[in-house]
Number of protein chains: 2
Amino acid sequence: MADADPARARQRQASGRRSARQSPAERRKQLIGIGLEMLTTRPLHQITIDDVAAEAAISRSLLFHYFPTKRDYYAEVVRAASRRLLRATRVEGETIDDLVAGFLSFIERRHEPYIALFRSAGTDDWVHEIFRDTRAALTDQVLTALDIDAPSELVRAAVGAWLAYAEELALEWAQHGTGTRDEIHALLTGALGCVVRSAP
Amino acid sequence: MADADPARARQRQASGRRSARQSPAERRKQLIGIGLEMLTTRPLHQITIDDVAAEAAISRSLLFHYFPTKRDYYAEVVRAASRRLLRATRVEGETIDDLVAGFLSFIERRHEPYIALFRSAGTDDWVHEIFRDTRAALTDQVLTALDIDAPSELVRAAVGAWLAYAEELALEWAQHGTGTRDEIHALLTGALGCVVRSAP
DNA sequence: CTACTTATCGAGCATTGCTCAATAGTGACG
DNA sequence: CGTCACTATTGAGCAATGCTCGATAAGTAG
């Protein structure tokens, strides 16, 4: 994954130690891709610049040429992960059942990256902010599926908190197999209905 | 907070640079106390050994004399924070209303340290483990308050996930004033009732 | 071919987690 | 009171890591 083009890699190795000159867009894409992949195997703060640079076969300095700071790099990686998550959970149908089913399917397939993303939430304020934005977008999806046009602050907060409930329960199911898929599904929709019903 | 005894501090400054010899128990207590205090103002991984040592007016080396590794130190600090949290949320009454009220009061008074603790959850696996233990203990408290003796795995998971919901909603209320206390209380008890009712 | 832009690198600095041998309080025992 | 063992405490130093800066060379325009 560090280099999708074997020919280029061969050329690089043959021609000397200096990495082949690439367009900034490609390099950035490559570096963020490496970050995304690494994020699935370790927590964010364990991804060192050296690791990324080595994986990309470039020098540390070059990474700082593209990202002024390690945090900036992290932020872009996390943002990319967030976009990926939102794209993957985009509601297909319009009902809550469809939405919950889609969410569960997503968690079933990709709980590792999901865990990686939202376990990174605590590492620093700016990560947490990106994480909150992501959850806000998910909250909007849920609210539209619920046909709630102008929710009060309280309802928004309650639905956002329900997402925390859903994440926790779905991950417990995906990781340790607690309950059947139908049971989890019923728990999620039941709790959501309860939440919106009791929040006027 | 670094030195509660001004006389000792003065003596230390006057007599030279070497810190006054103390009993291991006192030192450990002092160091963990410093960690606890720092945890309220910054995320866990931003607490450096240098900071702690400086605050305690000792050398870095001494800290490694008491804690073999930074992680061991962190772990003890986080464990202490967890104990503190569990003690503060211990159920006074026996009903769910009492429990929720106590939880809200606790969050109202001490949401900073609480945030600090559970935002540290993602930093590393061992922190996350301590965090899970804490939540498991809280889950037990809720289950006994619900008069559920032998809960199924699914019910335990659901109640644990409800704690995530409660944390999220209570923190939103405490930090941004979303909703009144009564509204939050109603949302929490309502959702919990719904959860246990729909989990057979 | 020349000149210019800039992608890329190597050397080096500061911080930080950590090790180890040396130093010096402190209490015990004669 | 003197001495001795114990250990709390320290400073010097190592390796990893985030980051800076000047130099180099790979492309591109003319």
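In what follows, chains carry the letters A, B, and so on, assigned in the order in which the sequence lines appear, proteins first and then strands, with residues in each chain numbered from 1.
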Rounded to the Å, how far apart are [X] [atom1] and [N] [atom2]?
X: A/Leu63; N: C/dA7; atom1: CG; atom2: C1'; result: 13 Å
X: A/Gln46; N: D/dG18; atom1: CD; atom2: P; result: 12 Å
X: A/Ile58; N: C/dT6; atom1: CD1; atom2: P; result: 19 Å
X: B/Leu31; N: D/dT9; atom1: CG; atom2: C1'; result: 12 Å
X: A/Glu26; N: D/dG27; atom1: CD; atom2: P; result: 12 Å
X: A/Gln22; N: C/dT5; atom1: CD; atom2: P; result: 23 Å

> Considering all heavy atoms of both residues, which atom of A/Val100 and which atom of A/Trp162 are nearest to each other, and what is their separation?
Replying inline: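 Of all heavy-atom pairs spanning A/Val100 and A/Trp162, the closest is CG2-CH2, 4.3 Å.
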>> Below 30° counts as parallel, above 60° as perpendicular, anything between as tilted: where do the rings of B/Tyr165 and A/Tyr165 land?
In response: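 Perpendicular: the ring planes of B/Tyr165 and A/Tyr165 meet at over 60°.
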When you check the side-chain N and O atoms of [X] and [Y], is any donor under 3.5 Å from an acceptor?
X: A/Ser105; Y: A/Arg181; value: yes
X: A/Arg79; Y: A/Thr134; value: no
X: A/Glu112; Y: A/Thr40; value: no

> If you round to the nearest 0.5 Å, how far is CD1 of B/Ile32 from OH of B/Tyr74?
Replying inline: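 One gets 14.0 Å once the value is rounded to the nearest 0.5 Å.
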>> On the nucleotide C/dA7, are OP1 or OP2 found under 4.0 Å from the side-chain N or O atoms that A/His65 carries?
In response: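 Answer yes for this pair, as a side-chain N or O of A/His65 is under 4.0 Å from OP1 or OP2.
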> Using a cut-off of less than 4.0 Å, is there contact between a side-chain N or O of A/Tyr73 and OP1 or OP2 of D/dG18?
Replying inline: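 Checking D/dG18 against A/Tyr73, no side-chain N or O comes under 4.0 Å of OP1 or OP2.
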> Between B/Ser23 (side chain) and B/Glu26 (backbone), is there a donor-acceptor pair under 3.5 Å?
Replying inline: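 Present.
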Distances under 3.5 Å only, N/O to N/O: pair up the protein atoms with those of nucleotides 15-19 of chain C.
{"unit_1": "C/dG17", "atom_1": "OP1", "unit_2": "B/Lys70", "atom_2": "NZ", "d": "3.2"}
{"unit_1": "C/dG17", "atom_1": "OP2", "unit_2": "B/Ile49", "atom_2": "N", "d": "3.0"}
{"unit_1": "C/dC18", "atom_1": "OP1", "unit_2": "B/Thr69", "atom_2": "OG1", "d": "3.4"}
{"unit_1": "C/dC18", "atom_1": "OP2", "unit_2": "B/Lys70", "atom_2": "N", "d": "2.6"}

> Under a 4.0 Å N-O cut-off, is there an ion pair linking B/Glu168 with A/Arg135?
Replying inline: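 Counted as a salt bridge, because a side-chain N and a carboxylate O are separated by less than 4.0 Å.
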> Would you call A/Glu172-B/Arg132 a salt bridge at under 4.0 Å N-O?
Replying inline: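 Counted as a salt bridge, because a side-chain N and a carboxylate O are separated by less than 4.0 Å.
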Sub-3.5 Å pairs of nitrogen or oxygen atoms, protein against nucleotides 22-26 of chain C:
{"unit_1": "C/dT23", "atom_1": "O2", "unit_2": "B/Arg18", "atom_2": "NH1", "d": "3.1"}
{"unit_1": "C/dG25", "atom_1": "N2", "unit_2": "B/Arg21", "atom_2": "NH1", "d": "3.1"}
{"unit_1": "C/dG25", "atom_1": "N2", "unit_2": "B/Arg21", "atom_2": "NH2", "d": "2.8"}
{"unit_1": "C/dG25", "atom_1": "N3", "unit_2": "B/Arg21", "atom_2": "NH1", "d": "2.7"}

